[in-house]
Participant: 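Shown below is the structure under consideration.
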Amino acid sequence: MQNFKSDATRASWVTELTTFLFGAALLTILVFELPPEVFSPESKSFILAIGLIGAWRYSWWFIQAIRSVWYNRKVFPELRAKADAVGEVEKPDHLYVLCTSFRIEAEVSFAVYDALVRDAHDYGVPTTIFAAISDRSDIDVIEHVMAENGWPANVEISYMFQKGDGKRSAMAEVLRAISRRLPSHRSLLVSMDGDIQIEPGTLERSLSFFLANDELGALTTNNRAIVNGGDVTKEWYDLRYAQRHLVMSSMSISERLLVLTGRYSAFRAELATDPEFIELVENDHVEHWRFGNFKFLSGDDKSTWYWLMKNNWKMLYIPDVYVSGFEELPDRDRFFKSTIDLMRRWFGNMLRTSGRAIALGPRSMGMFTWWSLVDQRLSMWTTLIGPTVAILLTLFVRPSFIFAYALWILFTRSIATTVLAMQRGRFSLLWVPLLYYNQIGGALLKTYVSFRFNRQKWSRQGISAGEPNDPKAARRQRHMGHVIHGIYAGTMLLVLSIAVGVLAPPDQTALAVLKDESGFLSNEETVEGDSYWIALALTDVPMDGQVQLPAGVMFLDASLPEELSKIESIRATSMAGYDGKQATTLLVAPAIAEQVRDSRNRPLSEIGSMTCGQNDGCTLVTQERPITLTNMEVRLRSAEA
């Protein structure tokens with residue numbers, strides 16, 4: 001176990017210092033180089049999109065944080081005192097431990113079983129440990145552990161070799177073996193992974209809660225990580241556990257959880273040996289309109305959680321009891337690929353189960369728990385709104401928006417990591433970028449998996465499942481997933497582009513131009529000039545606003561007075577030509593040339609052409625109000641001919 005060290009849970013001070021210096025330099029650049037126009041009134045779409053969505057998301061997150069603090073400081077201490085008092089005088093009749101291992105290093109297995117056997121011996125309750133193993137060498141390790149501990153009289157070991165088709169079948173076989181022993185109402189079951197090391201007193205300090213509350217069906221504990229990997233990997237795992245602690249604590253106020261972690265969870269044995277419970281663990285599946293009927297590969301902790309949720313059993317999180325996992329990425333040299341693979345499996349398990357849990361409704365689980373499940377579905381889309389809007393505005397409106405967004409990320413994620421650190425008891429600067437990576441990367445993965453959640457893979461065991469055996473059917477499912485995903489993502493992008501002003505829906509002016517140019521929208525004869533749509537444009541702007549003309553040549557024909565008489569009022573005070581490489585030229589019919597005058601009040605009918613600049617604009621005289629013309633050439637139509 002030379003690669004796993006008990007203190008391998010946090011980054012070195014060199015990494016923390018490097019992160020601090022890099023963050024300080026970035027913050028300095030953003031603060032001093034941030035263009036002032038970012039916060040101008042024209043930035044309303046950016047502030048609205050980022051601010052309002054952010055306020056909604058973080059208000060919900062802070063509700064979770066406040067509930068977490070309340071649970072840890074007020075609710076749980078009372079539960080702990082009651083459980084400890086009952087635990088001093090009562091013990092369960094029997095304890096069953098289900099420990100599943102698959103090709104785990106001998107050093108890790110020894111540490112895991114040594115801690116388990118020692119704690120079971122100290123607890124003093126008759127204990128049967130069912131070791132679901134994959135190799136005979138595991139037996140040698142476990143018997144070595146038993147010998148080291150003097151073969152405790154109250155601890156029995158029973159072995160079961162796994163089939164190699166996943167964890168579910170192994171769990172089901174063990175649960176059936178336990179059911180044949182007819183566990184009593186006061187018997188308990190601990191389900192744990194073969195790479196989890198418990199601390200002394202874990203069994204006594206966690207199982208006493210069942211004795212204090214007959215309505216409690218299951219519980220899970222706090223987690224730590226003993227990591228074989230670099231500093232970033234260590235902090236990534238610890239950040240995950242900090243986030244888990246906050247959400248689990250918050251949910252425990254409602255006496256419900258969002259998952260019963262397979263690493264270490266405890267159940268009433270009579271529930272875990274219920275035939276329906278065992279069947280769900282072994283053969284959990286879903287009927288989907290597109291994927292058909294497919295069986296779940298991993299996610300047994302979601303199946304056990306769903307069964308308890310459906311049957312209205314209470315659940316609890318024990319924050320002051322820690323179990324330590326020996327963690328290692330599937331590929332230590334490829335952080336992003338490995339973490340993406342892990343998150344894809346976790347999110348797939350969540351999405352495969354949350355839909356049917358939401359269908360149970362708030363009455364069976366409480367409104368807060370129900371909405372938390374709904375929020376899991378919503379957050380994978382709302383989380384992407386901020387970066388999408390920032391990219392759109394940076395590309396199409398103002399490049400400086402990306403600086404404002406970066407400042408927003410530093411500010412909000414620093415606050416979030418501080419809150420997490422206060423509850424976790426430690427802080428790392430690496431949490432700031434890692435939190436953003438988890439949120440955005442996680443949201444992208446969730447949206448991706450939500451259209452392909454039948455595809456499952458378990459990296460450690462090298463097995464996959466969920467897709468049809470027929471290659472053509474599998475390809476057809478994949479192509480359909482790509483199409484539907486593209487429609488959803490494209491719709492979101494279109495809506496956000498319109499909302500922030502990057503794209504605009506067609507207005508009266510645009511429709512009028514289309515009508516004049518193509519005749520597609522009307523069967524009437526096409527108007528010769530542009531007076532029709534220019535008249536509409538003069539009323540289709542905010543009061544005292546400006547009409548922006550495109551580049552090119554436009555013709556103001558003799559019908560202008562008639563078109564202006566049809567509209568309610570002229571709202572514009574000016575018309576501006578295109579200020580770019582191509583100029584705007586306005587041709588005026590002789591019949592209305594008297595109404596167009598230059599800066600010296602000379603009519604177009606006399607001078608034939610005029611240049612209307614920014615500071616020496618021309619004037620179009622109408623019955624209602626004069627319209628200032630800027631940035632364009634104005635010519636008499638006859639002169640053009």
Participant: Would you kindly check if the NZ (Lys) or CZ (Arg) of Arg73 is within the cone defined by 45 degrees around the ring axis of Trp70 and under 6.0 Å from the six-membered ring centre?
Facilitator: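 No.
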Participant: Check Asp238 with Arg426, please: is the shortest side-chain N to carboxylate O separation under 4.0 Å?
Facilitator: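 Answer for the salt bridge query: yes.
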Participant: Any salt bridge linking Lys234 with Glu327? Criterion: basic side-chain nitrogen under 4.0 Å from a carboxylate oxygen.
Facilitator: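 No, no charged N to carboxylate O under 4.0 Å.
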Participant: Answer whether the closest heavy-atom distance between the side chains of Phe267 and Leu188 falls below 4.5 Å.
Facilitator: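 A side-chain contact is absent here, since even the closest heavy-atom pair is not under 4.5 Å.
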Participant: Quick check: closest heavy atoms across Leu116 and Val97, and the distance to 0.1 Å?
Facilitator: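 Here Leu116 and Val97 meet closest at CD2-CG1, 3.8 Å.
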Participant: Any sub-3.5 Å donor-acceptor pair from Asn213's side-chain atoms to Glu215's backbone N or O?
Facilitator: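 It does hold such a pair.
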Participant: Quick one: does Thr233's side chain have a donor or acceptor within less than 3.5 Å of a partner on Gly229's backbone?
Facilitator: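 Absent.
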Participant: Got Lys302 and Arg352 here, is their nearest side-chain heavy-atom distance under 4.5 Å?
Facilitator: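 Lys302 vs Arg352: side chains apart.
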Participant: Identify, with sequence neighbours excluded, every residue that meets side-chain hydrogen bond (donor to acceptor under 3.5 Å, both in side chains) alongside Tyr436.
Facilitator: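 With neighbours one apart ignored, the set is Tyr405.
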Participant: Is it true that Glu276 and Lys310 make a salt bridge, defined as a side-chain N closer than 4.0 Å to a carboxylate O?
Facilitator: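 Salt bridge: no.
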Participant: Are Arg268 and His185 close enough, and set up right, to give a side-chain hydrogen bond (donor to acceptor under 3.5 Å, both in side chains), and what steps lead you there?
Facilitator: CA-CA 8 Å; Arg268 292 191 181 276; His185 173 70; 4.7 Å; no
Participant: Decide yes or no for Asn222 and Val321: does some side-chain heavy atom of the first lie under 4.5 Å from some side-chain heavy atom of the second?
Facilitator: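 They are not in contact (no side-chain heavy atoms under 4.5 Å apart), so the answer is no.
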Participant: Which heavy atom in Val259 sits nearest to a heavy atom in Met248, and how many Å separate them?
Facilitator: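 Looking at all heavy atoms of both residues, the shortest contact is O-CE, 3.5 Å.
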Participant: Would you kindly say whether Ser265 and Asp301 are connected by a side-chain donor-acceptor distance under 3.5 Å?
Facilitator: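 Absent: no donor and acceptor within the cut-off.
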Participant: Are Phe451 and Tyr488 close enough that some pair of their side-chain heavy atoms sits under 4.5 Å apart?
Facilitator: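 A side-chain contact exists here, since the closest heavy-atom pair is under 4.5 Å.
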Participant: Go through it in stages, so that I can follow the logic: the residues are Glu235 and Arg240, the test is salt bridge (Lys or Arg N to Asp or Glu O under 4.0 Å), and I'd like the CA-CA distance, side-chain angles, deciding distance and then a yes or no.
Facilitator: CA-CA 8 Å; Glu235 295 300 344; Arg240 281 191 57 246; over 6 Å; no
Participant: Salt bridge between Lys91 and Glu204, side-chain N to carboxylate O under 4.0 Å?
Facilitator: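 Salt bridge between Lys91 and Glu204, a charged N being under 4.0 Å from a carboxylate O: yes.
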Participant: When rounded to the nearest 0.5 angstrom, what distance separates CH2 in Trp61 from CD1 in Ile415?
Facilitator: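 Atom-to-atom, Trp61:CH2 and Ile415:CD1 are 9.0 Å apart.
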Participant: Counting distance only, does the side-chain N/O of His485 pair as donor-acceptor with the main-chain N or O of Val483 below 3.5 Å?
Facilitator: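 Checked: no pair found.
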Participant: Any side-chain heavy-atom pair from Val108 and Gln197 closer than 4.5 angstrom?
Facilitator: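 Side chain of Val108 against side chain of Gln197, heavy atoms only: no contact under 4.5 Å found.
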Participant: I need the Tyr71 OH to Leu246 CG distance, nearest 0.5 Å.
Facilitator: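 Going from the OH atom of Tyr71 to the CG atom of Leu246 covers 13.0 Å.
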Participant: Looking only at heavy atoms, which two atoms of Ser364 and Asn312 are closest? And how far apart?
Facilitator: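 In terms of heavy atoms, the two residues are closest at O-OD1, 3.0 Å.
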Participant: Between the side chains of Glu78 and Lys82, is the shortest nitrogen-to-carboxylate-oxygen separation below 4.0 Å, so that they form an ion pair?
Facilitator: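 No salt bridge links Lys82 with Glu78.
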Participant: How far apart are the closest heavy atoms of Ala266 and Leu207, and which atoms are they?
Facilitator: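 Minimum heavy-atom contact is CB-CD2, 3.7 Å.
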Participant: Mind checking whether Tyr437 and Phe335 have parallel, tilted or perpendicular rings, split at 30° and 60°?
Facilitator: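 Tilted.
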Participant: Would you say OH of Tyr58 has more than 12 non-hydrogen atoms from neighbouring residues, nucleotides or ligands within 6.0 angstrom?
Facilitator: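 Atom OH in Tyr58 is packed in, count exceeds 12.
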Participant: State which residue, out of Lys295, Arg176, Arg168, fulfils the salt bridge (Lys or Arg N to Asp or Glu O under 4.0 Å) condition with Glu282.
Facilitator: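 Testing each of Lys295, Arg176, Arg168 against Glu282, the sole residue satisfying salt bridge (Lys or Arg N to Asp or Glu O under 4.0 Å) is Arg176.
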Participant: Quick one: are Asp193 and Lys167 in side-chain contact, heavy atoms under 4.5 Å?
Facilitator: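 In contact.
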Participant: Would Ser184 and Ser187 satisfy side-chain hydrogen bond (donor to acceptor under 3.5 Å, both in side chains), going step by step from the backbone distance to the final call?
Facilitator: CA-CA 5 Å; Ser184 69; Ser187 296; 3.0 Å; yes
Participant: Can you spot which of Leu342, Val227, Leu435 makes a side chain to side chain contact (heavy atoms under 4.5 Å, CB included) with Trp236?
Facilitator: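 Among Leu342, Val227, Leu435, the one meeting side chain to side chain contact (heavy atoms under 4.5 Å, CB included) with Trp236 is Leu342.
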Participant: Spell out, as yes or no, whether a donor-acceptor pair under 3.5 Å connects the side chain of Asn311 to the backbone of Trp307.
Facilitator: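 The answer is yes, because a donor-acceptor pair under 3.5 Å joins these two groups.
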Participant: Between Asp341 and Lys337 (salt bridge meaning N to carboxylate O under 4.0 Å), is one present in this structure?
Facilitator: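 Yes, this pair counts.
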Participant: Does Thr19 reach the main-chain N or O of Leu430 with its side chain, forming a donor-acceptor pair under 3.5 Å?
Facilitator: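 Checking the backbone N and O of Leu430 against the side chain of Thr19, no donor-acceptor pair under 3.5 Å is found.
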Participant: What's the shortest heavy-atom distance between Tyr322 and Asn223, and which atoms?
Facilitator: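 Taking Tyr322 first and Asn223 second, the nearest heavy atoms are CD2-O, 4.0 Å.
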Participant: Measure the shortest side-chain to side-chain distance between Met315 and Leu219 over non-hydrogen atoms and say whether it is less than 4.5 angstrom.
Facilitator: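 They are not in side-chain contact.
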Participant: Would you mind listing every salt bridge (Lys or Arg N to Asp or Glu O under 4.0 Å) that reaches into residues 478-497, with sequence neighbours excluded?
Facilitator: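 Every salt bridge (Lys or Arg N to Asp or Glu O under 4.0 Å) pair that includes a residue of residues 478-497, provided the two are not neighbours, is Glu467-Arg478.
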Participant: Grab the two heavy atoms, one from His245 and one from Ser68, that are nearest each other, plus how far apart they are.
Facilitator: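 Distance-wise, the nearest heavy atoms are O-OG, 4.2 Å.
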Participant: Ignoring hydrogens and angles, tell me if any N or O in the side chain of Glu16 forms a donor-acceptor pair with the backbone of Leu429 under 3.5 Å.
Facilitator: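 A pair under 3.5 Å: yes.
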Participant: Kindly write out the residues that satisfy salt bridge (charged side-chain N to carboxylate O under 4.0 Å, His left out) with Arg377, not counting sequence neighbours, or none if the list is empty.
Facilitator: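 So Arg377 forms no salt bridge (charged side-chain N to carboxylate O under 4.0 Å, His left out) with any residue.
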Participant: In sequence, state the C-alpha distance, the side-chain angles, and the governing distance for Gln477 and Arg452, and then conclude on side-chain hydrogen bond (donor to acceptor under 3.5 Å, both in side chains).
Facilitator: CA-CA 8 Å; Gln477 279 191 359; Arg452 306 163 181 85; over 6 Å; no
Participant: Could you give the distance from CG (Leu203) to CG (Asp119), rounded to the nearest 0.5 Å?
Facilitator: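 It comes to 4.0 Å.
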Participant: Measure the CZ-CH2 distance between Arg363 and Trp370 for me, rounded to the nearest 0.5 Å.
Facilitator: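 Spacing of CZ (Arg363) from CH2 (Trp370) equals 13.0 Å.
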Participant: In sequence, state the C-alpha distance, the side-chain angles, and the governing distance for Thr273 and Tyr96, and then conclude on side-chain hydrogen bond (donor to acceptor under 3.5 Å, both in side chains).
Facilitator: CA-CA 11 Å; Thr273 54; Tyr96 300 94; over 6 Å; no
Participant: Quick check: do Ile63 and Phe368 have side-chain heavy atoms less than 4.5 Å from each other?
Facilitator: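 In contact.
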Participant: Distance-only, no hydrogens or angles: does the Ser414 side chain make a donor-acceptor pair with backbone N or O of Leu410 under 3.5 Å?
Facilitator: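 The answer is yes, because a donor-acceptor pair under 3.5 Å joins these two groups.
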Participant: Could you label the plane-to-plane angle of the Phe411 and Trp408 rings as parallel, tilted or perpendicular, counting under 30° as parallel and over 60° as perpendicular?
Facilitator: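 Tilted, since the angle between the ring planes falls between 30° and 60°.
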Participant: When rounded to the nearest 0.5 angstrom, what is the spacing between CZ in Arg256 and CG in Leu308?
Facilitator: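 Interatomic distance, Arg256 CZ to Leu308 CG, rounded to 0.5 Å: 9.5 Å.
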Participant: Would a distance-only check, ignoring hydrogens and angles, find a side-chain to backbone donor-acceptor pair under 3.5 Å from Thr383 to Ile440?
Facilitator: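 The answer is no, because no donor-acceptor pair under 3.5 Å joins these two groups.
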Participant: Any side-chain to backbone donor/acceptor pair from Arg224 onto Ser324? Under 3.5 Å, distance only.
Facilitator: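 Not a single qualifying donor-acceptor pair exists.
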Participant: For the side chain of Thr353 and the backbone of Met350, is there at least one donor-acceptor N/O pair under 3.5 Å apart?
Facilitator: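 Not confirmed, Thr353 side chain does not pair with Met350 backbone.
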Participant: Is Arg356 salt-bridged to Asp284, cutoff N-O under 4.0 Å?
Facilitator: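 A salt bridge is present here (some side-chain N lies under 4.0 Å from a carboxylate O).
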Participant: Can Arg10 be said to sit on top of Tyr237's aromatic six-ring, NZ or CZ under 6.0 Å from centre and within 45° of the ring axis?
Facilitator: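 That pair does not qualify as a cation-pi contact.
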Participant: Could you give me the CA-CA distance, side-chain angles and deciding distance for Phe453 and Phe296, then say whether ring-ring contact (aromatic ring centres under 6.0 Å, His included) is met?
Facilitator: CA-CA 10 Å; Phe453 62 72; Phe296 294 169; 8.3 Å; no
Participant: What is the distance from atom CG of Leu189 to atom CZ of Phe210, rounded to the nearest 0.5 Å?
Facilitator: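 CZ of Phe210 is found 9.0 Å from CG of Leu189.
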